[in-house]
Amino acid sequence: MNNSKNKARKSLHKTITKMLPAVFTALVATGIGFVALYASPVPMIQDFGKMLTIGLIVSFILGIFLLIPVLFIRDYFFENAKKMKQPKHNEKETVSRMDRVLDWMTASVIKLRWIIIALAVIAASFGIWVDLDADAETDVETFMPQDTQELKDIHKLRDVMGTTDQVSIVYESDELLTDEVMKWVNNLTETIGTEFPDVVVETKSITDIVKQINDGELPKDESFRDQIAEIPSEQLKLFLNESETKGVITVGIKHLEAEKLKQFIDDLGTYLDNNELDAVKTTITGKAVLDVEMIEGLTTGRYQMTLLGMGLVFLSLLIIYRHPVKAFIPLLPIIFIVGWSGLIMYFLDISYTPLTATLGALIIGIGTEFTVLIMERFYEERENGLQSREAIQTTITSIGKAIFASALTTIGGFSALLVSDFVILNNFGMMTLINISLALFSTFIVMPPILIILDRFIKVKQVKNI
């Protein structure tokens with residue numbers, strides 16, 4: 001009984017002194033990687049990063065103050081729980097077979113380390129190259145379930161009315177109801193459609209309504225004000241505010257993807273600048289403009305977010321390890337994953353969406369955890385006197401199963417997204433599973449050669465480099 005309690009104490013001490021620092025380092029690196037999501041101009045992505053960070057912290061706290069005490073209590077007070085039945089012969093074979101597979105695999109990748117690194121670099125470089133010109137799916141309607149009645153109704157309404165989308169041109173002046181301003185408004189209302197015939201379906205303004213009342217003619221001076229007085233207030237407020245200092249020209253447009261819509265808005269802005277009136281200030285606004293800004297904020301700058309995340313992770317590891325090579329080692333496999341992910345999306349013909357644009361930060365977060373744990377255990381074995389080859393083989397066989405199990409549970413969690421009817425969630429789930437699998441592959445296949453090759457640049461106490 002005392003022997004069992006002593007073993008429990010030793011296990012607790014070893015866990016706290018050996019494992020917790022490594023896990024904490026991985027936690028810091030992972031959390032710092034998610035900070036890149038905070039740089040997004042879109043609040044929903046910032047909130048996504050916050051929730052990921054909060055989840056990491058909560059998991060770490062529960063692991064320390066719940067899981068470890070439960071395991072210690074089980075081993076310390078319940079000896080029978082410690083002395084479980086011996087596994088059957090086939091279970092022993094399964095465990096030993098996995099250990100042998102991990103040991104054989106590690107030995108093989110060490111022998112082929114230069115070939116593996118060369119292939120990894122080539123594939124990642126090609127992936128990054130093709131990914132730079134990757135398409136981004138920006139049509140919000142394509143993210144929805146395509147067989148929903150609501151989407152069918154939108155398409156039917158668009159066929160009947162010609163448009164369901166619009167932008168608004170807001171014009172402001174201290175005095176709008178002058179002949180000069182109203183002629184300018186009328187001219188814009190009539191010419192925007194002819195200037196952009198492939199996009200604009202219809203235009204409406206206060207001058208349109210007044211002309212309908214006045215047999216198609218645009219009245220002048222007080223006559224214009226008299227005609228406005230006859231317009232119902234509910235209709236008038238759609239085009240003119242009560243103080244008569246702001247007006248709106250509504251432009252009904254065809255349904256466009258965000259890139260084409262952005263181009264149209266830019267061209268419309270240029271057209272307004274070329275036809276501006278000194279006394280009037282114009283602004284292009286509306287839901288369509290907001291959609292463009294949102295999609296652009298979500299899909300652009302994904303490499304900036306990824307590079308920012310990598311830079312922050314490198315700085316955090318540099319502060320912890322105080323060695324540039326040691327801080328760089330966990331990030332090298334992550335760089336490969338970013339390239340491989342782009343290559344897979346290219347061959348699968350998958351376009352980026354607002355969600356998949358955040359995958360770079362997720363790759364950094366998930367992958368860094370694995371690589372940091374492998375590196376920490378590797379240098380622990382090196383400090384214990386093992387040579388680099390023996391150290392990496394011991395590392396993989398000792399914690400490889402735990403990392404594999406962790407990856408599988410993460411894959412299982414994200415697999416739920418695959419059953420979603422929303423295309424955007426389905427694609428995000430599939431690419432997340434692919435990237436977690438790549439992180440697992442990189443940890444077991446690419447990380448050992450990296451450690452063996454770069455080990456010569458890191459001095460280990462009391463052990464000579466091979």
Item to check | side chain to side chain contact (heavy atoms under 4.5 Å, CB included) between L238 and I206, worked out | outcome: CA-CA 9 Å; L238 298 176; I206 188 65; over 6 Å; no

Next on the checklist: Between V167 and L268, is the side chain to side chain contact (heavy atoms under 4.5 Å, CB included) condition met? List the steps.
Outcome noted: CA-CA 10 Å; V167 296; L268 180 59; 4.2 Å; yes

Item to check | Working for side chain to side chain contact (heavy atoms under 4.5 Å, CB included), residues L240 and L177 | outcome: CA-CA 10 Å; L240 190 68; L177 300 184; 4.2 Å; yes

Item to check | side-chain hydrogen bond (donor to acceptor under 3.5 Å, both in side chains) assessment of T191 paired with Y271 | outcome: CA-CA 10 Å; T191 59; Y271 181 71; 2.7 Å; yes

Checklist entry - Step by step, would you call L236 with I228 a side chain to side chain contact (heavy atoms under 4.5 Å, CB included)? => result CA-CA 8 Å; L236 181 63; I228 287 179; 3.9 Å; yes

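Among residues two or more places apart in sequence or in another chain, the ring-ring contact (aromatic ring centres under 6.0 Å, His included) test is passed with Y321 by none.
A donor-acceptor contact shorter than 3.5 Å is absent between the side chain of N214 and the backbone of V210. Between the side chain of R113 and the backbone N or O of I110 there is at least one donor-acceptor pair closer than 3.5 Å. Looking at S173, its side chain never comes within 3.5 Å of a backbone N or O of L176 through a donor-acceptor pair. Of the possible donor and acceptor atoms, one in the side chain of N274 sits under 3.5 Å from a partner among the backbone N and O of T270.
Between V313 and T30 there is no side-chain heavy-atom pair separated by less than 4.5 Å. L451 places none of its side-chain heavy atoms less than 4.5 Å from the side chain of S388. Looking at V23 and L373, their side chains come closer than 4.5 Å, going by heavy atoms from C-beta outward.
Looking at every heavy atom in both residues, I450 comes nearest to P333 through CD1-CG, 3.7 Å.
One finds the CD1 atom of I115 at 7.5 Å from the CG atom of L119 (value rounded to the nearest 0.5 Å). How far CD of Q227 is from CD1 of I209: 12.0 Å, rounded to the nearest 0.5 Å. For the atom pair I249 CD1 and I169 CD1, the distance stands at 5.0 Å (nearest 0.5 Å). Note that NE2 of H323 and CZ of F457 are 10.0 Å apart. Values are rounded to the nearest 0.5 Å. Residue L417 holds its CG atom at 7.0 Å from OG1 of T432, rounded to the nearest 0.5 Å. In this structure, the separation between CZ on R377 and CD1 on I392 is 11.0 Å, given to the nearest 0.5 Å.
Among residue pairs with one or both ends in residues 203-212, those qualifying as side chain to side chain donor-acceptor pair (under 3.5 Å) are N186-K211, T189-S205, E190-K211, S205-T207; sequence neighbours excluded. Residue pairs meeting the side chain to side chain donor-acceptor pair (under 3.5 Å) criterion with at least one member in residues 240-252, sequence neighbours excluded, are R225-E244, N241-S243, N241-T245, S243-T245. Among pairs with a residue in residues 402-418, none fulfils side chain to side chain donor-acceptor pair (under 3.5 Å), at least two apart in sequence or across chains. Screening residues 110-132 for ring-ring contact (aromatic ring centres under 6.0 Å, His included) gives F126-W129 as the qualifying pairs, with residues at least two apart or on separate chains. For residues 335-348, every residue pair satisfying the side chain to side chain donor-acceptor pair (under 3.5 Å) rule, not counting sequence neighbours, is listed here: S341-N435.
Within 6.0 Å of CD in E180 there are 12 or fewer heavy atoms belonging to other residues, nucleotides or ligands.
When T371, L438, I434 are each tested for a side chain to side chain contact (heavy atoms under 4.5 Å, CB included) with I337, only one passes: L438.
Under 4.0 Å is where a charged nitrogen must lie from a carboxylate oxygen, and between D266 and K262 at least one such pair does. Ion pairing between R382 and D455 holds under the 4.0 Å rule for side-chain N and carboxylate O.
F428 and F414 have perpendicular rings, their planes meeting at more than 60° on a 0 to 90° scale where under 30° would count as parallel.
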